[in-house]
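Worksheet: one structure, shown below.
The residues of the chain are indexed from 1 along the displayed sequence. Every heavy atom of this structure was used, including side-chain atoms; hydrogens, water molecules and symmetry mates were not.
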Amino acid sequence: MENNNKDLDMPLSHHLEALRECIIKSLVAICALTPLGFYIAPKVIDFLIHNSMPLDSIKLHYFSPMEVFIIQLKAGVVLAVIFSFPYLIYRIRKFILPALYKNERKFLFWLIFLSTFLFISGAAFCVFVILPLIMNFSLGFMTDNLEATLGLNNFISLSSGLILAFGVMFQFPLFVISLVKFNLVDIKTIINLRPYIIVFILILAAIFTPPDIISQLMLFVPTWLLFEAGLIGAKLFNKKD
């Protein structure tokens, strides 16, 4: 199939200029939305704490005068990235679209849509299931002589890391489909490597979660099922192509 798009014949300097424009406008969008993210950050942090803590009597603590401000500022930037995500995707799509064939453009559209959906699903699963489970596990060690004193910074670092991990791990089916779609790996090779991939997923689940079998399985099982779904999708794309 030939690609008649004239943008492919443009000199390298034009492509670099387009990339520069994409990066600058994306950063401007994030900076413009950061004040809104900073304003909403305290409510988001309160929601995470209230949703994750099994006991209302458990309070988080901060240990330096500027700690809460810095945490809210970081959370505001993260929220700004989330708010500007549709615009960021639009800029990236506009940059790479001219280099793709017609059928690849359609695949890219669905890839972006499904990737966003899976990331949000993974993050939501972490917030509403995994974080409360972890906090229950942690606070289960309390006794009459042993009381938990939890720091806000540690809790937010744990929450953000796990949310990102679940969002990324939920991308497994799209990763498998993309490898087959763009002829990077043959579908038979992935099937032959399935046992090793399953072990790799289990190792990642053990790394990204606390050292208890329940939370590890809570990450491993959905990721493994999504990997199997990715294999099915890759087979369908392979037959179609």
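Under a hydrophobic clustering in which Ile, Leu, Val, Met, Phe, Trp and Tyr are joined whenever their side-chain heavy atoms come within less than 4.5 Å, directly or via other members, Phe117 and Met169 fall into the same cluster. No single ILVMFWY cluster, assembled from side-chain heavy atoms under 4.5 Å apart, contains both Ile71 and Val77. Taking hydrophobic clusters as Ile, Leu, Val, Met, Phe, Trp and Tyr residues chained together by side-chain heavy-atom distances below 4.5 Å, Ile203 shares a cluster with Ile190. If you chain together hydrophobic residues whose side chains sit under 4.5 Å apart, Leu146 and Met142 never meet in one group. Leu33 and Tyr87 sit in two unconnected hydrophobic clusters of ILVMFWY residues. Membership requires side-chain heavy atoms under 4.5 Å apart, directly or through other members.
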- prompt: Between Ile49 and Lys59, does a side-chain contact (heavy atoms from CB on, under 4.5 Å) hold up when you go through it step by step?
  reply: CA-CA 9 Å; Ile49 296 173; Lys59 305 295 182 182; over 6 Å; no
message: Apply side-chain contact (heavy atoms from CB on, under 4.5 Å) to residues Phe119 and Leu164 and explain how you reach the verdict.
response: CA-CA 8 Å; Phe119 186 89; Leu164 178 61; 4.3 Å; yes
message: Go through it in stages, so that I can follow the logic: the residues are Leu60 and Ile156, the test is side-chain contact (heavy atoms from CB on, under 4.5 Å), and I'd like the CA-CA distance, side-chain angles, deciding distance and then a yes or no.
response: CA-CA 10 Å; Leu60 297 185; Ile156 295 299; over 6 Å; no
task: Check the pair Asp46, His50 against side-chain contact (heavy atoms from CB on, under 4.5 Å), reporting the backbone distance first and the verdict last.
output: CA-CA 6 Å; Asp46 286 342; His50 178 74; over 6 Å; no
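The line from CG of Leu139 to CZ of Phe141 is 10.0 Å long, rounded to the nearest 0.5 Å. Note that OG of Ser52 and CG of Leu150 are 11.0 Å apart. Values are rounded to the nearest 0.5 Å. Once rounded to the nearest 0.5 Å, the distance linking CZ of Phe172 with CG of Leu231 reads 11.0 Å. To the nearest 0.5 angstrom, Leu193 atom CG is 14.5 Å from Lys188 atom NZ. Rounded to the nearest 0.5 Å, atoms CG (Leu158) and CD1 (Ile130) are 11.0 Å apart. Here the CE-CG distance, from Met53 to Leu131, works out to 9.5 Å after rounding to the nearest 0.5 Å.
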Could you give the side-chain donor-acceptor pairs of residues 217-226 under 3.5 Å, partners two or more places apart or in another chain?
unit_1, atom_1, unit_2, atom_2, d
Thr223, OG1, Leu219, O, 2.7
Trp224, NE1, Glu228, OE2, 3.1

Show which side-chain atoms of residues 19-29 pair as donor or acceptor with protein atoms under 3.5 Å away, not counting sequence neighbours.
unit_1, atom_1, unit_2, atom_2, d
Arg20, NH1, Glu17, OE2, 3.3
Glu21, OE2, Lys25, NZ, 2.8
Ser26, OG, Cys22, O, 2.7

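Through direct or indirect side-chain contacts shorter than 4.5 Å among Ile, Leu, Val, Met, Phe, Trp and Tyr, Ile30 is connected to Val81, Leu88. Hydrophobic cluster of Phe38: the remaining members, joined at side-chain heavy-atom separations below 4.5 Å, are Met66, Phe69, Ile70, Leu73, listed by chain and number. In the hydrophobic clustering, where aliphatic and aromatic side chains (Ile, Leu, Val, Met, Phe, Trp, Tyr) are joined below 4.5 Å either directly or transitively, Ile120 stands alone.
With sequence neighbours excluded, no residue forms a side-chain contact (heavy atoms from CB on, under 4.5 Å) with Ser160. Residues forming a side-chain hydrogen bond (donor to acceptor under 3.5 Å, both in side chains) with Glu67 (at least two apart in sequence, or on another chain): none. By the side-chain contact (heavy atoms from CB on, under 4.5 Å) test, Ile163 is found to be paired with Ala123, Cys126, Val127, residues two or more places apart in sequence or in another chain being considered. Legend: residues meeting ring-ring contact (aromatic ring centres under 6.0 Å, His included) with Tyr196, ordered by chain and number and at least two apart, are absent. The ring-ring contact (aromatic ring centres under 6.0 Å, His included) search around Phe166 returns Phe125, not counting sequence neighbours. Not counting sequence neighbours, the partners of Ser115 by the side-chain hydrogen bond (donor to acceptor under 3.5 Å, both in side chains) test are Gln171.
Looking at Asn51, its side chain never comes within 3.5 Å of a backbone N or O of Phe47 through a donor-acceptor pair. Panel note: side chain Thr189, backbone Val185; no donor-acceptor pair is recorded below 3.5 Å.
Taking each heavy atom of Gly230 and Ile177 in turn, the nearest pair found is O-CG1, 3.5 Å. Across every non-hydrogen atom of Gly76 and Ala41, the tightest pair is N-CB, 4.1 Å. Among all heavy-atom pairs drawn from Leu48 and Phe155, the shortest one is O-CZ, 3.7 Å.
Contact annotation: the side chain of Leu162 approaches that of Ile134 to within less than 4.5 Å [non-hydrogen atoms, C-beta and beyond].
Annotation: side-chain hydrogen bond (donor to acceptor under 3.5 Å, both in side chains) contacts involving residues 145-159, sequence neighbours excluded, are absent.
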